[in-house]
Amino acid sequence: MKSKTVKLSTFISFALMSIVLISGCDKESDSSKEILQMIKNTKPVKAASEDGGLRELSLYEALKTHQEHEHSSHHHEDDNHYHHEYKAHQHDELTHFCLGIATGFKAIQFADAQLSPNSRLNPKELEISVNGAMEGVWDIFSIYAGSKREFEGTDKPMSSSSFTFTAKTPDAAQELKFRLKKTIIPEKFFKLKNKGYGCGNKELGEAKNKALRKILSSSAQECFELVNNTSD
């Protein structure tokens with residue numbers, strides 16, 4: 001009888017833990033109306049369209065597309081995936097506010113303004129990368145370009161230096177290196193992420209939302225600082 005009681009207790013504990021982990025991202029939407037409104041108010045960027053032209057890409061759309069990438073049972077590797085995915089799920093509720101998507105989106109705005117202050121660059125004219133393997137950042141680069149972009153190199157524990165970006169034109173006539181200001185993301189966020197915690201962790205969720213509010217309430221120019229600029 002004692003053995004059955006222990007097994008039942010273990011099962012209940014495991015089930016409750018699973019519920020917390022699964023619903024962690026969804027819970028943040030209940031108290032994040034302010035963040036959601038800031039997401040919707042963020043200025044869009046010009047992204048690659050399926051016909052080879054340009055389309056407006058909002059941060060909200062990018063977050064919805066990334067959310068589907070995370071929840072999908074399989075990822076399509078063809079380029080059309082980045083054009084069609086959002087249309088198929090545009091009525092789904094946004095429940096996950098990805099810090100990587102928001103940061104990468106602002107990085108695109110910053111690079112565009114620095115390299116082409118008088119007009120928006122075509123995504124084909126902007127090669128942008130980041131120092132870390134953050135999935136959200138690379139996903140927004142892929143959505144923006146309309147084709148797969150991914151980290152090449154050895155991944156390291158996440159830190160503020162992970163959010164160092166390089167942007168250049170294809171002919172390398174102009175190259176820009178810039179980084180997210182250290183005051184944007186709390187150090188606690190990196191410590192918890194490197195320990196393996198996910199968005200179900202209350203402390204991590206609070207640190208992430210604090211960073212999101214800073215990023216979304218600031219212009220791209222206020223979020224980043226130049227490391228070097230070899231633009232003509």
Side-chain angles (χ1 to χ4, degrees), residues 38-39 41-48 54 56-59 62-63 66 97-147 149-191 193-194 207-232:
M38 287 192 286
I39 287 169
N41 290 340
T42 300
K43 185 179 178 182
V45 298
K46 289 291 185 182
L54 297 176
E56 280 208 341
L57 173 68
S58 68
L59 176 56
L63 285 163
H66 177 67
F97 305 148
C98 176
L99 181 59
I101 289 285
T103 305
F105 194 91
K106 288 281 188 174
I108 290 169
Q109 290 180 327
F110 182 84
D112 195 8
Q114 290 290 323
L115 295 176
S116 183
N118 299 319
S119 62
R120 291 185 181 179
L121 287 171
N122 187 303
K124 294 180 180 179
E125 299 173 329
L126 177 60
E127 296 178 7
I128 185 167
S129 61
V130 68
N131 201 35
M134 294 80 69
E135 184 179 343
V137 181
W138 286 100
D139 207 18
I140 182 58
F141 291 167
S142 299
I143 296 167
Y144 168 73
S147 58
R149 299 288 185 270
E150 58 188 348
F151 179 72
E152 296 179 359
T154 303
D155 192 21
K156 299 177 181 179
M158 190 185 296
S159 66
S160 58
S161 63
S162 300
F163 289 87
T164 300
F165 300 81
T166 300
K168 60 184 179 181
T169 51
D171 58 5
Q174 302 181 85
E175 185 171 322
L176 190 70
K177 190 172 184 179
F178 59 99
R179 62 191 169 210
L180 189 69
K181 292 181 178 178
K182 291 186 177 181
T183 55
I184 299 291
I185 301 179
E187 194 62 33
K188 180 185 290 186
F189 176 85
F190 298 121
K191 290 181 179 179
K193 287 290 285 185
N194 289 329
K208 186 190 78 170
N209 283 349
K210 183 177 181 180
L212 276 170
R213 287 187 174 91
K214 281 189 178 182
I215 290 171
L216 297 174
S217 62
S218 306
S219 67
Q221 286 67 33
E222 294 171 323
C223 292
F224 301 96
E225 55 189 6
L226 283 172
V227 177
N228 62 52
N229 186 351
T230 60
S231 301
D232 293 336

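On a predicted model such as this, the values are computed, not experimentally measured, just so you know. The figures that follow rest on heavy atoms only: side chains count, while hydrogens, waters and symmetry mates do not.
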Residue Lys210 excluded, over 12 heavy atoms near NZ under 6.0 Å: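 No, NZ of Lys210 has 12 or fewer neighbouring heavy atoms, counting only those of other groups under 6.0 Å.
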Is atom NZ of Lys214 surrounded by more than 12 heavy atoms (other residues, nucleotides or ligands) closer than 6.0 Å?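 It does: Lys214 NZ has more than 12 such atoms within range.
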Residue pair [X] / [Y], side-chain heavy-atom distance below 4.5 Å:
{"X": "Met158", "Y": "Phe189", "answer": "yes"}
{"X": "Glu125", "Y": "Thr169", "answer": "no"}
{"X": "Ile39", "Y": "Leu212", "answer": "no"}
{"X": "Asp112", "Y": "Lys46", "answer": "no"}
{"X": "Ser58", "Y": "Thr42", "answer": "no"}
{"X": "Tyr144", "Y": "Arg149", "answer": "no"}
{"X": "Ser160", "Y": "Leu180", "answer": "no"}

Side chain to side chain donor-acceptor pair (under 3.5 Å) for Ser161 and Thr164? Distances and angles first, verdict last. CA-CA 6 Å; Ser161 63; Thr164 300; 5.7 Å; no
Intermediate values then yes/no, side-chain contact (heavy atoms from CB on, under 4.5 Å), Ser129 and Trp138: CA-CA 8 Å; Ser129 61; Trp138 286 100; 3.7 Å; yes
Checking side-chain contact (heavy atoms from CB on, under 4.5 Å) for the pair Thr166/Glu175: CA distance, chi angles, key distance, verdict? CA-CA 7 Å; Thr166 300; Glu175 185 171 322; 3.9 Å; yes
Does the pair Phe163 and Ile184 meet the rule for a side-chain contact (heavy atoms from CB on, under 4.5 Å), with working shown? CA-CA 11 Å; Phe163 289 87; Ile184 299 291; over 6 Å; no
What class does the angle between the rings of Phe178 and Phe165 fall in, given that below 30° is parallel, 30 to 60° is tilted and above 60° is perpendicular?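 Ring orientation, 0 to 90° scale: parallel.
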